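Supplied in structure tokens, the structure appears directly below.
These numbers were taken from a predicted model, which means no experiment stands behind them. We count residues from 1, following the sequence as given. Just follow the structure's listing: the first ligand is 1, and inside any ligand the first atom is 1.
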Amino acid sequence: MYILHHTPDSAALVVRLVLEELKLPYQIAPIDRAGGALDTPAYRKLHPLGKIPALETPNGVMFESAAILLHLTEVTGKLAPAPGTPHRAKFLTWLFFTSNNLHPVVMHYYYPDRLAGAQNAEAVKTQAALTAKSLLTTLNQMIATDAPAWLTTEPSALGYYIAVLMRWLAEPCPPSDYPALHNILTALETTAAALTCAQAEDLGQTIFTNPY
Ligand SMILES: N[C@@H](CCC(=O)N[C@@H](CS)C(=O)NCC(=O)O)C(=O)O
């Protein structure tokens with residue numbers, strides 16, 4: 001049994017989507033974020049930075065979304081090209097591109113004061129939106145050029161990760177501006193996993209392509 005420390009529509013959604021898609025047994029452990037639960041010693045034991053998500057697994061506690069996704073794909077042999085196979089290199093490249101570049105920019109967009117103080121928040125947010133557009137254009141182009149079936153025609157852990165980040169970026173970066181990515185989002189938002197998560201977290205019908 002996996003235990004996902006969770007708040008709705010957070011990075012925990014990515015992990016939940018993948019747990020659902022893999023049909024792994026899991027429980028949701030709600031985090032009282034407004035009540036300061038992220039700063040408690042008990043939660044810091046799970047996640048030393050006090051971020052969401054943390055996942056309790058049979059192999060111990062994990063944090064960092066990309067690490068969790070990699071682990072879940074490895075233990076199940078699903079939702080990603082297998083280690084050592086030809087498509088694995090692209091999968092790893094795009095996963096780390098997403099985790100190391102796109103995900104932090106989303107955080108800068110939503111918490112612009114954290115990077116350079118409240119007085120610079122507007123400038124940080126504007127720059128984050130521009131950077132997000134540039135990164136999504138690059139990702140869209142790489143995926144359009146390669147068009148790998150494991151990402152474009154099948155559910156994948158990476159596809160769900162990109163889809164959730166694009167959900168959050170939908171205002172400055174409308175998904176339809178990125179056709180190759182939009183196709184992935186369109187397919188993923190009608191999976192049983194996405195519909196289950198959308199209902200559980202009250203996210204609406206078109207959670208990736210037209211979220212708000
Ligand atoms: N690199 C981390 C980022 C996690 C992260 O920033 N999560 C957000 C929720 S989407 C969070 O914990 N925000 C609370 C805060 O920063 O105070 C990951 O991929 O898991």
Side-chain angles (χ1 to χ4, degrees), residues 2-22 26 28-57 59-74 79-80 91-118 120-121 124-125 128-129 131-132 135-136 139 156-173 185 194 197-198 200-204 207-208 211-212:
Y2 292 85
I3 300 175
L4 177 59
H5 295 265
H6 170 275
T7 55
D9 207 3
S10 69
L13 172 60
V14 184
V15 176
R16 186 180 204 168
L17 285 159
V18 169
L19 288 167
E20 281 286 340
E21 185 66 52
L22 291 169
Y26 71 95
I28 292 291
I31 296 170
D32 178 11
R33 190 170 166 178
L38 292 177
D39 294 323
T40 61
Y43 191 75
R44 292 289 171 132
K45 267 193 192 162
L46 299 171
H47 195 316
L49 300 179
K51 302 282 182 192
I52 307 159
L55 183 71
E56 294 183 57
T57 83
N59 302 114
V61 183
M62 293 191 73
F63 50 91
E64 287 297 335
S65 307
I68 294 171
L69 298 186
L70 261 182
H71 180 70
L72 293 177
T73 63
E74 282 174 11
L79 298 188
F91 163 72
L92 290 173
T93 301
W94 294 337
L95 178 66
F96 282 81
F97 179 93
T98 300
S99 171
N100 289 351
N101 296 288
L102 196 57
H103 198 156
V105 163
V106 177
M107 293 300 126
H108 298 159
Y109 183 78
Y110 278 96
Y111 304 104
D113 52 313
R114 288 186 181 174
L115 202 59
N120 296 308
V124 169
K125 192 171 177 113
T131 306
L135 290 170
L136 286 174
L139 190 59
S156 67
L158 176 61
Y160 280 121
Y161 193 10
I162 294 169
V164 171
L165 296 180
M166 289 186 73
R167 166 182 169 79
W168 299 334
L169 286 169
E171 193 186 50
C173 309
L185 271 50
C197 292
E201 302 194 16
D202 196 18
L203 304 178
I207 66 170
F208 301 137
Y212 304 112

Backbone or side-chain N or O of Ser10 under 3.5 Å from ligand 1 N or O: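 No.
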
OH/Tyr110: more than 12 non-hydrogen atoms of other groups inside 6.0 Å: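 Yes, because the 6.0 Å sphere around OH of Tyr110 holds more than 12 heavy atoms from other groups.
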
Which pair of non-hydrogen atoms, one from Ala157 and one from Val18, has the smallest distance, and what is that distance?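 Answer, listing the atom of Ala157 first, then Val18: CA-CG2, 4.0 Å.
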
Would Pro53 count as a contact residue for ligand 1, given that I'm defining contact as a non-hydrogen atom of the residue lying under 4.0 Å from a ligand atom?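 Yes.
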
Which heavy atom of the protein is the closest neighbour of atom 19 (O) of ligand 1, given with residue, atom name and distance?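 The closest heavy atom on the protein side is Ser65 OG, 2.9 Å.
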
Closer than 3.5 angstrom, by distance alone: can the side chain of Glu56 be matched with the main-chain N or O of Ile3 as a donor-acceptor pair?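 No; zero donor-acceptor contacts below 3.5 Å.
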
Aromatic centroids of Phe63 and His5 separated by under 6.0 Å: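 No.
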
What residue and atom, counting heavy atoms only, is the protein's closest point to atom 15 (C) of ligand 1, and at what distance?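 Result: Arg114 NH2, 3.4 Å.
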
Considering heavy atoms of the protein only, find what lies nearest to atom 10 (S) of ligand 1 and give residue, atom and distance to 0.1 Å.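 Of every protein heavy atom, Ala11 N, 3.1 Å lies nearest to atom 10 (S) of ligand 1.
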
When rounded to the nearest 0.5 angstrom, what is the spacing between OG1 in Thr131 and OH in Tyr109?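 Here the rounded value is 12.5 Å.
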
N/O donor-acceptor pair under 3.5 Å between Tyr43 side chain and Lys51 backbone: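 Indeed, once roles are kept as given, a pair shorter than 3.5 Å links the two residues.
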
Distance from atom 6 (O) of ligand 1 to nearest protein heavy atom, with residue and atom: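 Heavy-atom neighbour on the protein nearest atom 6 (O) of ligand 1: Met107 SD, 3.6 Å.
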
Who's the nearest protein heavy-atom neighbour of atom 4 (C) of ligand 1, and how far?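 Here the nearest protein heavy atom works out to Ile52 O, 3.3 Å.
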
Identity and separation of the nearest protein heavy atom to atom 14 (C) of ligand 1: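 Ranking protein heavy atoms by distance from atom 14 (C) of ligand 1, first comes Arg33 NH2, 3.3 Å.
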
Name the closest protein heavy atom to atom 1 (N) of ligand 1, giving the residue it belongs to and the distance to 0.1 Å.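 Ranked first by proximity to atom 1 (N) of ligand 1 is Glu64 OE1, 2.7 Å.
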
Sequence neighbours excluded, which residues qualify as ring pair (Phe, Tyr, Trp, His ring centres under 6.0 Å) partners of Phe91?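 For Phe91 the ring pair (Phe, Tyr, Trp, His ring centres under 6.0 Å) partners, ignoring immediate neighbours, are Trp150.
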
